[in-house]
Each structure stands twice: as C-alpha cells, then as structure tokens.
Amino acid sequence: MSSTRYSILALALATLFSASSAISFYIWKKNLIEWDSKMKELQKSLNSALEKCAAERQGRIRAQQALRKAVVAQPQAKSENLDIPSYPMAPIGIVQSCFSTRNGTPRQPLLVPLARACLVFDSTRVPPASLEGLEEYSHCWIIYVFHLNTDLEKLWKHPSKSKFKAKVRVPRLKGGRLGVFATRSPHRPCPIGLTVAKVEAVQGNMLLLSGVDLVDGTPVLDIKPYLPYCDSIEGAVVPNWVMLDSMLSVASVGFSNDFSSSLLDCWKSVEKKSLYSSPDELKSLVKQALSWDIRSVSQRNRPHNNLLKIGSGDASGNASDLDDSQDGEASGELIYHLILDGMDFSYKIDGNGNVMVKEVHISSAISFGNEKRCNFLMWKDKLK
C-alpha cells in the first residue's frame, strides 16, 4: 500500500514537473517570438530612419549644388561684403581629369603617380605663347578653385551670416577637429586650392599632367613652375599626426576572379577615349588610387559587418561622397564605388583594411565629348 502511494506521488510529481517544464518552454518560446518581432520592428524603424536621413541629405546637397550652379552662372552677383574690394580674377583654364567625381580623388598630390589630367587653357585669356618654356620644368604649381564645395553660396554673404566653420574634421585624426588654416580642407573662407603636378608635355594651349589630385572640371586660376631651390624646405617641421600615413593607407588591394574579364569588356568601349594605353595600366591606376583609404570619416566609422542596407549608390557624384560612393547588397556588406576614366569600379574593404575590387562597368553618369576625346588622344601620342 505504501509503495503504491509513493508511486502515485512520484507520478504526480513527474506530471507536475512535465507540465511546469512545458509551461516554462511555452512562455520562453512566446517571449522569444515577441523579442524577435520587436527586434525586426526596431530594425525596420532604424532602416526607415537611415533611408529618410540619406534622402534628406541627398536632397539638401542637390539643392546646394543647384544654387552653386546658379551662383556660378551669374558672376555679376554682388557680395553682401560691399566694403571689401574685389579683384579681376577668372579661371584661365579647366582641368580634364581621370577622376570623374570628388570621391576617389586623392587627398594630396603625387600620391597616385598614374593619375593623369589635361589642363586646357582659355585661348582668349592665355595665348599658347604663354606656355613656352614650361616644358623644361619637371613639375608645376597649380592654383585652382574648389568648385564642387556645396557651401559656396555662403561665401557671398556677410561674415556674420556666412556661418563659416573655424574648425574642420581631419581624416588623419579620425574626425578630430582642427582650425581650418592648420589643414588643407577645401572648405575655406576663400575656396582656393594649391597643388603640384608633374609636367608631362605642353601642346598648343594644353598642358598634360600626372600625379594630380584634381577632379574633372576644376577651374584653374594660375600655374607657376616648381623651383626646388626655394620651394623645397629642408628641415621643415609638421605635427606628428601629419606623418601618420598608416591612418589612411590600406593593408592590401586585390581583384576578384571576374575583374579582368569585366575590365576587358569595358575597355572595348573606352579605349579610344581613355587616358591610358592598356587595361593593365588602368588596373595599376585603380590599385594606386585604392592603396589609400578614400572613404569619408563617417564611412570608415561604420561597422564592416553591417546588417542594414545603408545608402543608395548611383555612383553619379551628384550628391555627397558619403551617399553616392556606397550602397548595400542583400548580404548586408557595404559596396563602395570609384569612378575613374568614365568607368565605375565597385569594391569592398574589410575591418583589417583589405580592399577587394569586385567588378567594373561603364559609368552611366559620365560621357566624353569630341573635344575631350581629342585632348585625351594626345596621351596616346606621347605614350607611343
């Protein structure tokens, strides 16, 4: 009788334990489903917010660019700074460069030796005789305008209204801020740039250059020969952060198995217009350009294993370098774009700084006219 009671009690306890376990499992599973649902809602909400921010930023930048074009189209527009004298300055020439957009254009000159450009002078302002003797120099200084700044319209306003930023983010300092005059930021009170390039040849009213860090369409104000005896300063001192090349260099640059075939397909379409003599030379240009991390500070700070689709890369250069130089794939990896010589090179970079160039196709946003093609053909003559 006693054993029977123990058996019944044990069975009851086992049943109770099983029921309790089943209830606990049910509650755990229900909570898991609810948690998963909330996570999906949060991810959806975050995706929506990011897409909205990206769309707003693209719209704002396009509006700024439209305003910039309107300002440039009306050079007679008067500044609000009526008490400040003006000077007779206008572009003497326009750069036709292998860099189709700001994104990918080197931050400093001579970092990409294969970067080529043709500076075409305005014959009405610069007679060909003005260039006589320049071919005897190996390098020249170029003074130009940061014409793609999205805040040019502010410079027409009175200083109290221009909202000029005294400090700017520095890529080598991971976005840390410094006074604008301690940097080479393009966003300056006077948007004027200074660079140096190698003189390859002078032909008529055109100057062929290499090692450039100039985007296509850059207006040039002046050029001067580089003089080593006075332009090279022995013992010049710079801050330590300037010497940290590892901050912007990458670990390696590789190419996918499909890259060569896609480059050959594109080469058939651009060969007659290209600044380069062969697909291999163009491949070397891509490797040189991507040997430096060309991404913005905000792009570099994004997680590499990002599960969200961020941005929309149309590779057109019409908006910011943040939005137009990257897009997302179904796998969640970030794909970046480099527009060179009329071609769109897509690549990715991992957390260790290893770059993999995936493929290339003709950029739909870039077209070359007959005038530009003729100028580029001079490179072909020089390379023969």
Side-chain angles (χ1 to χ4, degrees), residues 93-106 109-121 142 148 195 197-218 220 253-256 258-292 294 314-317 324-325 336-347 355 357-384:
I94 300 296
V95 171
Q96 296 179 346
S97 168
C98 64
F99 298 108
S100 306
T101 63
R102 287 181 302 172
N103 178 263
T105 303
L110 307 179
L111 293 180
V112 181
L114 277 173
R116 294 172 181 165
C118 177
L119 173 52
V120 183
F121 292 93
I142 302 171
L148 292 182
T195 189
K198 184 179 180 183
V199 176
E200 295 288 352
V202 178
Q203 296 190 20
N205 69 328
M206 288 167 281
L207 174 61
L208 303 182
L209 303 164
S210 65
V212 300
D213 60 345
L214 300 171
V215 70
D216 191 59
T218 295
V220 171
V253 179
F255 297 86
S256 69
D258 298 330
F259 176 80
S260 295
S261 59
S262 63
L263 179 58
L264 285 174
D265 290 340
C266 290
W267 181 252
K268 297 173 183 177
S269 300
V270 304
E271 180 179 4
K272 294 182 179 180
K273 316 169 193 176
S274 177
L275 282 164
Y276 299 89
S277 60
S278 67
D280 289 339
E281 190 177 37
L282 194 56
K283 183 178 179 179
S284 297
L285 169 67
V286 174
K287 187 170 184 177
Q288 287 184 8
L290 293 180
S291 293
W292 300 87
I294 63 176
D314 61 7
S316 65
D324 283 348
S325 64
Y336 299 94
H337 297 270
L338 173 65
I339 312 298
L340 283 178
D341 211 32
M343 286 174 279
D344 181 352
F345 297 85
S346 60
Y347 70 96
V355 173
V357 185
K358 296 171 68 67
E359 60 183 0
V360 57
H361 59 81
I362 302 298
S363 175
S364 59
I366 307 299
S367 61
F368 298 114
N370 291 331
E371 179 183 357
K372 190 165 189 177
R373 181 165 58 251
C374 292
N375 296 337
F376 282 7
L377 286 175
M378 290 192 303
W379 277 106
K380 301 290 188 180
D381 295 336
K382 184 178 185 306
L383 292 169
K384 288 179 180 179

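Source: prediction; values computed, not measured.
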Between S97 and L275 the two heavy atoms that sit nearest each other are C-CD1, 4.3 Å
Q.
Under a 3.5 Å distance rule, please check whether Y276 uses its side chain to pair with a backbone N or O of K283 as donor and acceptor.
A. no
Under 3.5 Å, is there a donor-acceptor pair between the D341 and S274 side chains?
yes
For L114, does its backbone N or O pair with a side-chain atom of Q288 as donor and acceptor, under 3.5 Å? yes
_A cation-pi test, strictly: NZ or CZ of K358 under 6.0 Å from the centre of the six-membered ring of Y347 and no more than 45 degrees from its axis. Yes or no?_
no
- Query: Does the D344 side chain pair with the main chain of I362, one donor and one acceptor, at a distance under 3.5 Å?
  - Reply: no
Discussion item. Using only atom types and a distance under 3.5 Å, with no angle test, would you say the side chain of S262 pairs donor to acceptor with the backbone of E359?
Written reply: no
With no hydrogens and no angle check, do the side chains of S210 and E200 hold a donor and an acceptor under 3.5 Å apart? yes
Rounded to the nearest 0.5 Å, the OH atom of Y336 sits from the OG atom of S346 at a distance of 13.0 Å
Just by modelled atom types, is the L214 backbone N or O under 3.5 Å from a matching donor or acceptor in the T218 side chain? no
Practice prompt. Could you please spell out the steps behind the side-chain contact (heavy atoms from CB on, under 4.5 Å) verdict for N103 and I339?
Written response: CA-CA 8 Å; N103 178 263; I339 312 298; over 6 Å; no
Original post:
Taking atom types as modelled and ignoring hydrogens, do the side chains of D213 and T105 form a donor-acceptor contact shorter than 3.5 angstrom?
Top reply: no
